[in-house]
A.B. asks: 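Quick one: this structure, given as structure tokens, is what I'll be asking you about.
Letters A, B, ... mirror the listed sequences (proteins, then strands); counts begin at 1.
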Amino acid sequence: MTEISPAPYDFRTAEPRWQAEWERAGAFDVPDVPPADRPKYYVLEMFPYPSGQLHMGHVRNYTLGDVVARYKRARGYSVLHPMGWDAFGLPAENAARERGVHPRIWTLDNIATMRGTLKRLGFSFNWDREIATCLPDYYGKQQKLFLDMLQAGLVERRESWVNWDPVDHTVLANEQVVDGCGWRSGALIEKKQLSQWFLRITKFAPDLLDGLSHLPRWPDRVRTMQERWIGRSVGARVRFALHSPPAGFDTDLDSVEVFTTRPDTLFGMAFIAVAADHPLAARVAQTNPEAAAFIAECRRLGTSEEAIETAEKRGFDTGLRVSHPFAPDQTFPVWIANFVLMEYGTGAIFGCPCGDQRDLDFAHAYHLPFRPVVLPPGEDATNFTITGKAWDGDGTLFNSGFLDGLDTVQAKAEAITRLEGMGVGRGVVNWRLRDWGISRQRYWGCPIPVIHCASCGAVPVPDDQLPVVLPEDVTFDRPGNPLEHHPTWKHVACPRCGADATRETDTFDTFVDSSWYFTRFTAPHAAAPTVRAAADGWLPVDQYIGGIEHAILHLLYARFFTRAMRETGHVGLDEPFDGLFTQGMVNHESYRDADGSWLYPDEVERRGDGAVRRDTGMPVTVGRVEKMSKSKRNTVAPVAIIERFGADTARWFVLSDSPPDRDMEWTEAGVSGAARFLQRLFRTVRTVAETVPDVAARPETLSDAADTLRRITHRTIASVGDALDGFAINVAVARLHELTSALADSERTAGQDGMDFARREAARTLCLLTAPMVPHQAEEMLSILEPGQAPAVQRAWPETDPALLVARQVTIAIQIMGKLRATIDAPPDAPAADILAQAEAEPNIARLLDGRKIVKRIHVPNRIVNFVIAG
RNA sequence: GCGAGCUUGGCGGAAUGGUAGACGCACGAGACUUAAAAUCUUGCGCCCGCAAGGGCGUGCGGGUUCGAGUCCCGCAGCUCGCACCA
């Protein structure tokens, strides 16, 4: 077959060529301290875990970030846009156990592979700043931060319950416990107390909550999620004395303290309930086997997720009784209840069945008597009762002694005043947020830089002995933490007294690694963890981009860590992320074979409404469109797309159609559509380059066609800029389609006055406006259009001519009673009287107005005329 | 249960309270071609009508307004998050 038309744009040669050129020129490098001559802009995408291969979610995430970075650079900002690796974590250890490859080798190999893919996608990263959290260069600095926080009182060591897998000899996170069994071993999980390190995030709870209101550029839902996670609630702690406790009861257990948000309902009390893990429950269990059995059952149930949802209220009457603080002659039973959480408040509640559905259910289950104390508005005290549904709203107190007649708000205040006066309670603010347990019994993490000495206790590793480096020669042939098994690593002299001592063998939760990487990026090679001029100069991150799955933990930990780093003098700010954008997922159809097994998209061919196997032609069931995942095999490999269509096509497609914050569907048709458009764009610009003479200055006279094209060009500059500013990248893509079509159509009017100038302007503008999205092709087009001149990465975003932003003619809609009846064309900003006259004269309008009385004439300049008529 | 978000053609989606459906995908018709692909032209919410034009239409029911996809009230459905948080 003979090729008549010129060769299309060849991404295979152009993409590597431009990537090499950008790298040679250091186009994306910035200094550690932002230059003073221009504003700074820090664009960051959440760094990836090096799992092996880049996936489409990454491509979408990093393409969005790259568009922002390149756009802001063109807009005159000094842009910091770094990339690194969240490189510690369990999958590396699993690979070691399953395949015998060392976690370090596995991780670094994966990084090499994924870095290669990122480079092929042409992202404008400042690669000199690359960091990997698994390298001592990084985690050693993290150890220093930890020690400074320890010094500052932001770290604590205390006993804590963990999920213990007795087969794997390891601690499991809650999500690794499935129905009470280890996800990997299947063993029945035990609750075990271990001495663990905690970061005192609760110290910052009020500040972390308040700070949310100063983050207007965060999505509302993320702020709401964090708000609920921090969970501030106002109430009271009330101490109930045990009524004649049994002989031999410890004195510190002679009362029960509860937290309540409803001290106003104390007179409605029916019982006290404590959590199964409450010290009082444990004390009762010592002498009461039935209680012990009930507690054991609660713990078993507590780990199963489904059970919590459906579990009915169950309890165990301890036989103990407490006195009512306001009516000491009345006593109430103390129960152990399965619905009371040890982790929240004091691990004990007072039950008020009339005002709390859970308490009501419990009272019904065990036939505990109670009386209503809050009268809802509009109810009559003489016949008001609570039966199936508790009233937890506001109202007027009754049956409540000195609180009678007060409303809920007054009664709360009065109850607290009385409790405080009696010394049995006080108003408190309670937080749902817990301190952050960071100890993990793992090898592939940052060693906690502490040495345990029999006489000196937990001793910080001195600065001159940092970093504490992970030993290389570890084995994974038996369960448990390889650091624990290592023959020599943990044995050291105590830095304080010189006696034999042992290293801490726990490592940090990997969320610690990702809590400050954005700060390290500002001075990634510094000897100290941070350089203040760099950190304070570049931070906060102006635009952070990542998945919604990190809405709570990562973002909250990072906000906390920044505050902790401020307290220890490492940075000078509180909030690390000024703007946050959460992008949607990349979905794909899923396919199943006749035997039910999943098929990769490669193995399937779409035929009309259905699909068949490529190899056998047998029909395939097309399943739901859902998130790309290995298990469903509905994945498309970025490398395969790059090889077939090029990086720019992949980039263009993930930016088209769907708004970035929504899920998008990856389709074959969509990719080829993107590839087709890019080829058309290339042909269109090349035609201009080859057939239109370069015109330096704007000609004196412009034909209508040239003037129109120029107006389209300038409106596109404005609208693409607006769209990018608002993260409406799909809209920017649509506007670029329009300009491309207009330029292609202009071949018909080529040669008219000013057309050469207008077409070259449009072509150059297209190159510059598409450069953030499809940078390689934009460079290639620009180099053909304007050979020997500066590349797109060095050029400024085009300027608009305000005179060209108004249309030469506007179409005005003419309505009668709000219904569209005609349109007229008019010059922009024409006098209202002219427009109204023209509107009334329009034939269809004149016909419909004939014989009617016009009550009112609405005129919105350049937009609409509306006639309101009588009758 | 609580909270947030969403609901617009066959599909993805666009729309400062002012012509609903930009742009794209899919589909139809035509040109080029021996043919196909590619490319180009063109049509495309539903209904009535030859047309001009008209009726209906942004999940459902109300309201505010000259005018509502957009604002307000109520309801339904979907998605996500949290969840016995006292």
Side-chain angles (χ1 to χ4, degrees), chain A residues 1 5 8 219-229 231-233 235-236 258-262 265 273 275 302 305 308-313 337-341 343-352 355-359 361-362 392 430-433 548-549 551-552 584-585 625 653 656-659 661-665 667-670 672-674 676-677 679-680 683 719 722-723 728 730-738 740-741 744 811-824 843-844 847-848 855-869:
Chain A
M1 186 167 122
S5 61
D220 285 345
R221 61 176 174 153
V222 174
R223 281 191 307 217
T224 308
M225 284 160 78
Q226 293 218 351
E227 206 175 294
R228 291 169 66 93
W229 187 263
R232 179 180 196 267
S233 62
V258 306
F259 171 72
T260 177
T261 56
R262 296 298 301 272
T265 63
E305 289 172 31
I308 292 174
E309 240 171 278
T310 52
E312 53 187 283
K313 304 278 175 290
N338 66 345
F339 66 94
V340 179
L341 306 173
E343 305 80 51
Y344 187 76
T346 61
I349 61 157
F350 85 83
C352 175
D356 185 295
Q357 192 61 43
R358 295 158 301 181
D359 298 349
D361 295 343
F362 192 77
D392 61 3
N430 193 60
W431 301 86
R432 181 183 177 276
L433 185 68
I548 187 70
E549 65 272 20
I552 299 182
M585 296 185 300
V625 174
F653 177 52
S656 309
D657 294 348
S658 293
D661 56 344
R662 283 199 218 169
D663 289 357
M664 66 168 289
E665 188 188 350
T667 61
E668 182 75 17
S672 48
R676 262 201 318 274
F677 169 76
Q679 290 295 349
R680 185 162 86 96
R683 285 196 305 272
S719 57
D722 288 347
N730 55 320
V731 179
V733 166
R735 299 287 92 86
L736 290 166
H737 274 283
E738 287 170 341
T740 305
S741 293
T811 301
I812 294 172
I814 313 300
Q815 299 179 338
I816 294 173
M817 299 298 281
K819 278 185 180 291
L820 180 73
R821 294 303 179 190
T823 60
I824 57 171
N844 201 41
R847 179 176 68 84
L848 290 162
V855 181
K856 199 171 175 184
R857 295 174 173 82
I858 313 278
H859 172 240
V860 180
N862 301 327
R863 288 202 171 270
I864 209 159
V865 168
N866 188 15
F867 294 107
V868 184
I869 55 179

A.B. asks: Return the nucleotide paired to B/G1: Watson-Crick means purine N1 to pyrimidine N3 with N6-O4 or O6-N4, wobble means G-U with N1-O2 and O6-N3, both under 3.5 Å.
C.D. replies: B/C82
A.B. asks: Using the six-membered ring of A/Phe339, assess whether NZ or CZ of A/Lys313 lies under 6.0 Å from its centre and within 45 degrees of the ring axis.
C.D. replies: yes
A.B. asks: B/A68 and B/G62: how far apart are their P atoms, nearest whole angstrom?
C.D. replies: 14 Å
A.B. asks: Can you measure A/Leu736 atom CG to B/A22 atom P for me and round it to whole angstrom units?
C.D. replies: 18 Å
A.B. asks: Round to a whole Å and report the spacing from NZ of A/Lys313 to C1' of B/A86.
C.D. replies: 12 Å
A.B. asks: Syn if the chi torsion is within 90° of 0, anti otherwise; quick check, which is B/G74?
C.D. replies: anti
A.B. asks: Provide the distance between the two C1' atoms, one in B/G67 and one in B/G17, to the nearest whole Å.
C.D. replies: 8 Å
A.B. asks: Can you name the residues that form a side chain to side chain donor-acceptor pair (under 3.5 Å) with A/Gln357, not counting sequence neighbours?
C.D. replies: A/Asp361
A.B. asks: Would you kindly say whether A/Thr740 and A/Arg735 are connected by a side-chain donor-acceptor distance under 3.5 Å?
C.D. replies: no
A.B. asks: With rounding to the closest Å, how many angstrom separate the C1' atoms on B/G9 and B/C75?
C.D. replies: 25 Å
A.B. asks: Sequence neighbours left out, what passes salt bridge (Lys or Arg N to Asp or Glu O under 4.0 Å) with A/Asp356? Give chain and number order.
C.D. replies: A/Arg358
A.B. asks: What is the separation between atom CD1 on A/Ile548 and atom P on B/C80, rounded to the nearest whole Å?
C.D. replies: 13 Å
A.B. asks: Please encode protein proximity along nucleotides 14-21 of chain B as a string of B, S and -, counting only heavy-atom distances under 4.0 Å.
C.D. replies: S-B-BB--
A.B. asks: Between A/Arg432 and B/C82, is there a contact of a side-chain N or O with OP1 or OP2 at under 4.0 Å?
C.D. replies: no
A.B. asks: Test of understanding: with side chain to side chain donor-acceptor pair (under 3.5 Å), list the residues that count as partners of A/Thr823, not counting sequence neighbours.
C.D. replies: none
A.B. asks: Which of the following nucleotides, B/C66, B/C23, B/A86, is nearest to the side chain of A/Val868?
C.D. replies: B/C66
A.B. asks: Side chain of A/Arg676 only, heavy atoms from C-beta on: which candidate in B/A26, B/A86, B/G13 is closest?
C.D. replies: B/A26
A.B. asks: With rounding to the closest Å, how many angstrom separate the C1' atoms on B/G12 and B/G1?
C.D. replies: 35 Å
A.B. asks: Can you measure A/Asp356 atom CG to B/C2 atom P for me and round it to whole angstrom units?
C.D. replies: 14 Å
A.B. asks: Taking only N/O atoms, report every protein-nucleotides 40-45 of chain B pair under 3.5 Å with atom names and distance.
C.D. replies:
{"from": "B/U41", "atom 1": "OP1", "to": "A/Arg748", "atom 2": "NH2", "distance (Å)": "3.3"}

A.B. asks: If I take atom OH in residue A/Tyr344 and atom C1' in nucleotide B/C82, what distance separates them, rounded to the nearest angstrom?
C.D. replies: 14 Å
A.B. asks: For nucleotides B/G24 and B/A14, find the distance between their C1' atoms and express it as a whole number of Å.
C.D. replies: 11 Å
A.B. asks: With no hydrogens and no angle check, is any side-chain donor or acceptor of A/Arg432 less than 3.5 Å from a backbone partner on A/Trp229?
C.D. replies: yes
A.B. asks: Using atom types as modelled, flag every donor-acceptor pair under 3.5 Å from a side chain in residues 857-868 of chain A to any protein atom, sequence neighbours excluded.
C.D. replies:
{"from": "A/Arg857", "atom 1": "NE", "to": "A/Glu840", "atom 2": "OE2", "distance (Å)": "2.9"}
{"from": "A/Arg857", "atom 1": "NH2", "to": "A/Glu840", "atom 2": "OE2", "distance (Å)": "3.3"}
{"from": "A/Asn862", "atom 1": "OD1", "to": "A/Asp829", "atom 2": "N", "distance (Å)": "2.8"}
{"from": "A/Asn862", "atom 1": "ND2", "to": "A/Asp829", "atom 2": "OD1", "distance (Å)": "2.9"}
{"from": "A/Asn866", "atom 1": "OD1", "to": "A/Met817", "atom 2": "N", "distance (Å)": "3.3"}
{"from": "A/Asn866", "atom 1": "OD1", "to": "A/Gly818", "atom 2": "N", "distance (Å)": "3.0"}

A.B. asks: On RNA chain B, nearest-nucleotide positions of A/Lys856 versus A/Glu343: which is more 5'?
C.D. replies: A/Lys856
A.B. asks: Provide the distance between the two P atoms, one in B/C32 and one in B/G69, to the nearest whole Å.
C.D. replies: 45 Å
A.B. asks: Across all strands, who's sitting opposite B/C23 as a Watson-Crick or G-U wobble pair, both distances under 3.5 Å?
C.D. replies: B/G12
A.B. asks: Taking any heavy-atom pair under 4.0 Å as a contact, classify A/Leu848: base, sugar-phosphate, or nothing.
C.D. replies: sugar-phosphate
A.B. asks: Counting C-beta onward and ignoring hydrogens, is there a side-chain heavy-atom pair between A/Ile814 and A/Arg821 closer than 4.5 Å?
C.D. replies: no
A.B. asks: Output the rounded distance in Å from CZ (A/Arg221) to P (B/C80).
C.D. replies: 11 Å
A.B. asks: Could you tell me how far B/C84 sits from B/A15 if I compare only their P atoms? Round to whole Å.
C.D. replies: 40 Å
A.B. asks: Could you check whether any side-chain heavy atom of A/Pro219 comes within less than 4.5 Å of a side-chain heavy atom of A/Met225, counting everything from C-beta outward?
C.D. replies: no
A.B. asks: Is it true that a side-chain atom of A/Arg680 and a backbone atom of A/Ala744 form a donor plus acceptor pair closer than 3.5 Å?
C.D. replies: no
A.B. asks: Can you identify which nucleotide, out of B/A22, B/G81, B/C84, has its nearest atom closest to the A/Ala734 side chain?
C.D. replies: B/A22
A.B. asks: Which part of the nucleic acid, if any, lies within contact of A/Val733, taking any heavy atom under 4.0 Å across all strands shown: a base, the sugar-phosphate backbone alone, or nothing?
C.D. replies: nothing
A.B. asks: Between B/A4, B/A86, B/C56, which one does the side chain of A/Lys819 approach most closely?
C.D. replies: B/C56
A.B. asks: Over 60° means perpendicular and under 30° means parallel, so tell me whether A/Tyr344 and A/Phe259 are parallel, tilted or perpendicular.
C.D. replies: perpendicular
A.B. asks: What is the distance, rounded to the nearest whole Å, between atom CG of A/Asp361 and atom P of B/G1?
C.D. replies: 13 Å
A.B. asks: Give A/Asn430 one of three labels, base, sugar-phosphate or nothing, depending on what nucleic acid heavy atoms sit under 4.0 Å from its own.
C.D. replies: nothing
A.B. asks: Under 4.0 angstrom, heavy atoms only, what part of the nucleic acid is A/Arg847 near: base, sugar-phosphate, or nothing?
C.D. replies: sugar-phosphate
A.B. asks: Write down the distance separating the P atoms in B/A51 and B/G45, rounded off to the nearest Å.
C.D. replies: 15 Å
A.B. asks: Does A/Arg821 or A/Asp220 map to a spot on RNA chain B nearer the 5' end, using the closest nucleotide for each?
C.D. replies: A/Asp220
A.B. asks: What is the distance from CH2 of A/Trp229 to P of B/C82, rounded to the nearest Å?
C.D. replies: 7 Å
A.B. asks: Give none if B/G74 has no partner; otherwise give the nucleotide forming a Watson-Crick or G-U wobble pair with it, both distances under 3.5 Å.
C.D. replies: B/C60
A.B. asks: Contact class for A/Arg223 vs. all strands (heavy atom < 4.0 Å): base, sugar-phosphate, or nothing?
C.D. replies: nothing
A.B. asks: Whom does B/U33 pair with, Watson-Crick or G-U wobble, provided both distances fall under 3.5 Å?
C.D. replies: none
A.B. asks: Given the rule in the side-chain contact (heavy atoms from CB on, under 4.5 Å) test, do A/Asp359 and A/Ile349 qualify, once you have shown the distances and angles that lead to the verdict?
C.D. replies: CA-CA 10 Å; A/Asp359 298 349; A/Ile349 61 157; 3.6 Å; yes
